[in-house]
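Right, one structure below, let's go through it.
We count ligands from 1, going down the list as the structure has it; atoms in each ligand are counted the same way. Sequence positions, counted from 1, serve as the residue numbers for this chain.
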Amino acid sequence: MPDPTQTAKPAADLALIEPVMMVIGGHKIVTGDVFAVVDPATGRPFANCPLAGEVQVEDAVAAARAAFCGWAALPIEQRAAHLERVADALEARKHDVAHLLSREQGKPAHSAALGEVGGAINWTRATAKLRPQVEVLKDDATGRVELRRKPLGVVASITPWNFPILIAIWHIIPAILGGNTVVLKPSSGTPLSTLLMVEIANEHLPAGVLNSVSGPGRLGSQLAGHAGVDKIVFTGSTPTGRDIMKHGAANLKRLTLELGGNDAAIVLADADVEATAKKVFLKSFGNSGQVCAAIKRLYVHDSIHDAMAERLAQLASAAIVGPGDDPQSQYGPVQNGKQLAFLTGLAEDATARGGRFLAGGLPEGKGGGFYFPLSVVVDVTDGMPIVDLEQFGPILPIIRFHDAEEAVRLANANELGLGGSIWSSDVGEATRLAALLECGSAWVNDHSTISPDIPFGGAKQSGLGSEFGLHGLYEYMQMQTLRLPAGA
Ligand code: NAD
């Protein structure tokens with residue numbers, strides 16, 4: 001995995017991309033320090049980004065703290081109205097945000113990047129409609145007890161490089177709707193589109209409600225250990241999640257951790273090969289496999305294993321992988337060089353252990369970019385790194401099984417537990433097996449489908465808490481019981 005604590009050296013011949021700046025307390029912040037952002041399509045820096053230091057992190061937390069009381073006191077309908085205006089403003093600038101997103105993340109501008117920004121806008125609108133409920137827990141002769149929810153305070157949001165805009169929106173919209181104020185730190189691999197999004201949002205929010213700081217992982221550490229931060233919402237790798245938990249312990253920070261996944265999909269003998277292969281393909285390789293809940297291990301019954309593997313390999317071989325600004329590209333490069341090296345190492349190791357690539361398997365050095373073709377590998381088993389580890393890239397290992405219960409056992413024999421799925425024409429049997437999967441989300445004849453009204457979160461080492469819907473909103477709120485005299 002990339003070293004998240006480092007940023008690339010600033011490139012002397014590059015300017016800051018105007019007008020992308022950090023926003024702290026409603027002001028655009030100019031820093032003397034910058035770091036370079038690399039274009040995954042060329043492997044070369046294409047822009048400098050403002051680099052926050054400890055001072056800016058302190059300022060951002062102070063600004064969020066100062067804005068908290070006023071924001072929390074606003075009726076939720078008014079907070080929601082601000083968020084509706086944020087959605088409208090993002091809609092008006094969606095091509096600008098998508099352009100930067102594609103350039104720094106690698107995904108095709110016209111499809112995936114625009115789709116991500118569109119998804120973020122829809123998510124903003126849907127989330128802004130949520131309203132916390134007052135629950136009456138008891139109302140009898142002994143009294144009435146209500147369960148209410150209040151904002152927590154200052155929320156720090158720390159995001160990864162695979163879906164920088166969508167994941168930031170998943171964090172900040174429920175936090176802000178719930179009456180909290182936010183300091184957002186994007187990944188140093190993909191900071192620019194997030195900074196632009198925060199600038200746009202700030203045109204429709206009171207000063208200090210949403211602040212941004214850009215830089216390496218140590219800024220995230222500083223936020224995790226900061227006494228002025230009440231909650232961390234983090235999406236990223238499991239080791240970083242553990243580190244955040246450690247630093248957050250000092251003031252018992254509330255935590256939502258959305259961490260890694262190594263999702264298994266199990267295809268039973270009676271599945272329709274053609275229909276299943278097409279859908280599994282989409283759910284494995286979207287965003288070039290850099291999806292937390294992508295299918296990362298495919299268990300297929302012996303009787304249809306070869307047909308499934310061949311069809312998936314055909315689909316993978318036909319896919320067009322290229323630069324994000326080429327309208328022909330269906331998939332982009334992986335986001336960074338360390339991730340490319342990690343994938344290359346996994347593929348080489350799999351081949352050395354007897355794995356057979358039916359599609360892809362070797363990096364492609366097109367123009368210095370971080371290209372790895374969509375790859376399908378068979379003759380691999382549990383116990384090999386290509387199966388046991390989260391690849392987080394466009395390689396799908398296919399594992400043959402004879403007994404469905406044994407496949408479920410293998411799916412569960414992994415420390416991660418984000419998602420899992422069963423594919424079959426017998427929905428009853430698939431449902432029975434899906435319920436046995438040790439993961440936060442299970443699907444039948446589908447995988448990784450999410451929506452703003454359905455909670456999503458990890459089991460085991462894939463995370464803590466959940467996002468989306470009322471369950472997700474409540475993660476940004478403190479429960480308070482209110483006891484009233486009988487008849488009140
Ligand atoms: P990462 O953990 O390396 O970095 C994520 C963010 O944390 C970045 O902003 C980084 O600067 C920051 N960070 C790094 N070290 C830190 C520290 N010690 N304290 C605080 N912050 C720190 O993850 P990544 O490589 O950017 O993302 C890939 C990982 O994210 C994969 O494992 C993937 O499965 C996971 N992910 C999970 C979900 C989910 O919803 N479960 C979604 C997307 C990605």
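Counting only N and O atoms by type, the side chains of S421 and W423 include a donor and acceptor under 3.5 Å apart.
If you number the atoms of ligand 1 from 1 as listed, the ones under 4.0 Å from a heavy atom of D243 come out as 17 (C), 18 (N).
Taking 4.0 Å as the cut-off, S221 counts as a neighbour of ligand 1 on heavy-atom distance. The closest approach between a heavy atom of F163 and any atom of ligand 1 is not below 4.0 Å. In this structure, P186 is part of the shell of residues with a heavy atom less than 4.0 angstrom from ligand 1. Under a 4.0 angstrom heavy-atom cut-off, G458 registers as lying outside contact with ligand 1.
The distance from the CD atom of E390 to the CZ atom of R297 is 11.0 Å, given to the nearest 0.5 Å. With rounding to the nearest 0.5 angstrom, the CG atom of N162 is 9.0 Å from the CD atom of Q335. Going from atom CG of L192 over to atom CG of L100 covers 5.5 Å, rounded to the nearest 0.5 Å.
Relative to the six-membered ring of F163, K107 meets both conditions, a distance below 6.0 Å and an angle of at most 45° to the axis.
By the salt bridge (Lys or Arg N to Asp or Glu O under 4.0 Å) test, R44 is found to be paired with no residue, residues two or more places apart in sequence or in another chain being considered. Every residue was checked against the salt bridge (Lys or Arg N to Asp or Glu O under 4.0 Å) condition with K253, not counting sequence neighbours, and none meets it.
Ligand 1 has a nitrogen or oxygen under 3.5 angstrom from a nitrogen or oxygen of L259. Of the polar atoms of T238, none of the N or O atoms is found under 3.5 Å from an N or O of ligand 1, judged by distance alone. The shortest N or O to N or O distance between S188 and ligand 1 is not under 3.5 Å. Looking at ligand 1, you won't find any N or O of K296 less than 3.5 Å from one of its N or O atoms.
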Side chain to side chain donor-acceptor pair (under 3.5 Å) between D382 and Y299, worked out: CA-CA 10 Å; D382 283 75; Y299 294 87; 2.9 Å; yes

Give the intermediate values and the outcome of side chain to side chain donor-acceptor pair (under 3.5 Å) for residues K283 and T449. CA-CA 9 Å; K283 301 297 184 168; T449 297; 3.1 Å; yes

Test side chain to side chain donor-acceptor pair (under 3.5 Å) on E475 and T256 and set out the steps. CA-CA 7 Å; E475 298 250 337; T256 302; 2.7 Å; yes

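When the heavy-atom distances from atom 42 (C) of ligand 1 to T235, T240, I232 are ranked, the shortest goes to T235. When the heavy-atom distances from atom 5 (C) of ligand 1 to W161, F234, W170 are ranked, the shortest goes to F234. Of the options A224, C292, G457, the smallest heavy-atom separation from atom 39 (C) of ligand 1 is shown by C292. For atom 20 (C) of ligand 1, the nearest non-hydrogen atom from the set G241, G440, G261, G220 belongs to G220. The residue from P160, G260, A156 that puts a heavy atom closest to atom 27 (O) of ligand 1 is P160.
Contacts of L223 with ligand 1, taken as heavy-atom pairs under 4.0 Å, are absent altogether. Looking at N162 against ligand 1, only its side chain comes within 4.0 Å, counting heavy atoms. Of all the heavy atoms of L219, none lies under 4.0 Å from any atom of ligand 1, so neither backbone nor side chain is involved. Residue-level proximity to ligand 1 for E390 is carried by the side chain, the only part with a heavy atom below 4.0 angstrom. The side chain of I167, and not its backbone, has at least one atom closer than 4.0 Å to an atom of ligand 1 (non-hydrogen atoms only; side chain from C-beta on).
Ring geometry for F456 versus F468: interplanar angle under 30°, hence parallel rather than tilted (30 to 60°).
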